[in-house]
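Single-structure report; data block below.
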Amino acid sequence: MFALVDCNSFYASCERVFQPHLYGKPVVVLSNNDGMVVAKSKEAKALGLDLGAPYFQIKEILQEHSVYAFSSNYTLYGDMSQRVMNTLRELTSDVEVYSIDEAFLDLRGFTHRDLLEYGKEIRATVLQWTHIPVSIGIAPTKTLTKVANKIGKKGDGVIKLDTLESIDQALSDFPIEDIWGIGRRRTELLLRMGIRTAKQLRDMDIKWVRKRMTVTGERMVRELRGEPCYGWDEQPTSKKQIICSRSFGKFLTEKKDIEEALVFYASRAAERLRAQGSVASDIMVFFETSRFSGPLYAPAKVVHLPRETNYTPDLIKATLVGIQDCFRKGYKYRKGGVMLMGIHPAGERQYDLLSERNEPKQEALMKTLDGLNKRYGANSVFYAATGIKQEWKMMRQLKSPHYTTSWSELPVAV
DNA sequence: TCTGGGGTCCTAGGACCC
DNA sequence: TCTGGGGTCCTAGGACCC
C-alpha cells in the first residue's frame, strides 16, 4: 500500500500559520507579478472565484468579500514545505517528495498496522508540528492514492481504499477529468466516447487506451485496476533542464533592459545548476511581447556553449550573444528567460586539451559566490551586468515577510 | 496599466548510415 | 516501367503535472 500526503490549499495555509487571525477567512495567493490567483483557501473557493482570472479584474470582488490577497512568497513556502517533509520523514522512512506540497509514502512494510489509524496519526502530527493541514489517501497504487486523497479533501482528511468494493465505489463517482494523468485533451476525447467516470475508463479495452492515449494512458488505467506501474523514486533526481523566467515588472523596450533581466535569470539558473553539481552544454534565451495585446514577437535562440560549464560568466556571455541575435526594436516586451539544456554531472565533463585550464580558479570563485549568497541572503553578491535599478523586477506589493528565512523578518511575539 | 513559473515523458518524422 | 529495408539519433511538438 501507498499513501499520498497533500497539503490543503498549501500557499494560503502557509500565510495563515503566521497570521492566525486568517483562520476561517477567505485567503488567496497571487502569481508572480500579482498577475492572477494561483491558490485559494476553502473559504475563497466557496466564493466561486475563477482561478484563471487576472487579479486586476477581480480586485473589487475580492474587496467586497473581504478576501485577503497575498503576493506569492516562494521563499516562505519552500521553507514550510521542508518542515512538512521532514516531519513525514520522522514518521516513516520511505518518503518520495513529489512536489512542493505533496509526498508519497511507501507503506508496504506496514502490514502490522491499521493504516487508516496511522494516516490519522500522521495528519495530526504534521498539523501539530507545522500548523499545515494535510489530506491523506491510502491505496494500492499511486494513481489510486490520488483518487483517495481527492475524496479525502472533501471529508475528514484521511481515506483508505483497499477493498475491491471501496475502490469500485470510489471510481464510480469519480469524474475522469480529476484523474491524475487526464488533462483537457484526454477529457475531451473520452467524453466524446461517452466515458465519464473513472470506473468506465478503468474497464475500457486496454489496447484501445494504448493506441489513443499512448503508454502513459495504459499505465494510468492499469494503476486504476490496482496494478502498480509507477516506480519509487526517493532521491530527488537532478534536473535535465533548468528554466528561469519571469514576467517583467513593466514593459521593456530597450535592449539594455532585456539584457539586465536575462543576465540576472542566467546567473540564478547557473546557481541552481551548480547546486546539483552539473554542467550544461547549451543555453536557450527567449523573450516575448504580451500575448494579450499588440503584435506577438516571441523569439528564442539556442546558444551552444564552447565548453560544458556552470561558470556564471560563460553563461552570461552566451545570453548576451543570444539576445544580440534576436532582439528587435519597436516591441514592448513583457516576459523573458533562459533555459539550460544538455545537462550532465560535472564529473563527466569533456575537457578540451588545448584550452587553458582555468577551471580550479573559476570553481573556487563560484563556490565563494554561492557561499556568500547562501549565508547573507540571495543576491547579496551579484554581477553588475544585472543592473542596479533593476526596473524589470516583478511587482509584489502584497508580499508577506520572509518569516522563517530572514533574521530581520522574524515574527515578533508580544 | 494589469493574464505564472517550472518541470517530465512520449511520439512522429526527418536525417543519416549501412 | 521498375528505385530496399532496417536501424539509430535527434528534434519539435503534444500532453500532462503541480
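Quantities reported herein were computed from a predicted structural model and do not represent experimental measurements. Here is the naming used below: chain letters follow the sequence lines, and residue numbers restart at 1 for every chain.
Listed by first then second residue, pairs satisfying salt bridge (Lys or Arg N to Asp or Glu O under 4.0 Å) with a partner in residues 28-45 of chain A read A:R16-A:E43, not counting sequence neighbours.
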Response to the item:
The dot-bracket string of DNA chain C, counting Watson-Crick and G-U wobble pairs with both distances under 3.5 Å, using [ ] for crossing pairs and | for pairs to another strand, is ....||||||||||||||
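Here A:Y98 lies in heavy-atom contact (under 4.0 Å) with sugar-phosphate atoms only. Counting any heavy atom pair closer than 4.0 Å across all strands shown, A:I182 reaches sugar-phosphate atoms only and no base atom. Among the heavy atoms of the strands, none lies under 4.0 Å from A:I58.
Aromatic ring orientation, A:Y297 versus A:Y333: tilted (interplanar angle from 30° to 60°). Under the 30°/60° scheme for interplanar angles, the aromatic rings of A:W232 and A:F104 are found to stand perpendicular. Relative orientation of the A:F287 and A:F327 rings is tilted, given thresholds of 30° and 60° on the angle between their planes.
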Fill in: ring pair (Phe, Tyr, Trp, His ring centres under 6.0 Å) between A:F264 and A:Y383, intermediate numbers included
CA-CA 8 Å; A:F264 178 74; A:Y383 281 83; over 10 Å; no
Worksheet item: How far apart are the C-alpha atoms of A:T214 and A:T216, what are their side-chain angles, what is the distance that settles it, and do they pass the side chain to side chain donor-acceptor pair (under 3.5 Å) test?
Response: CA-CA 5 Å; A:T214 79; A:T216 50; 2.9 Å; yes
Worksheet entry | Contact letters for nucleotides 4-11 of chain B, in which S counts primed atoms plus P, OP1 and OP2 and B counts the base, heavy atoms under 4.0 Å | BSSSBSSS
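Contact check, A:R186 against C:dA15: no side-chain N or O comes under 4.0 Å of OP1 or OP2.
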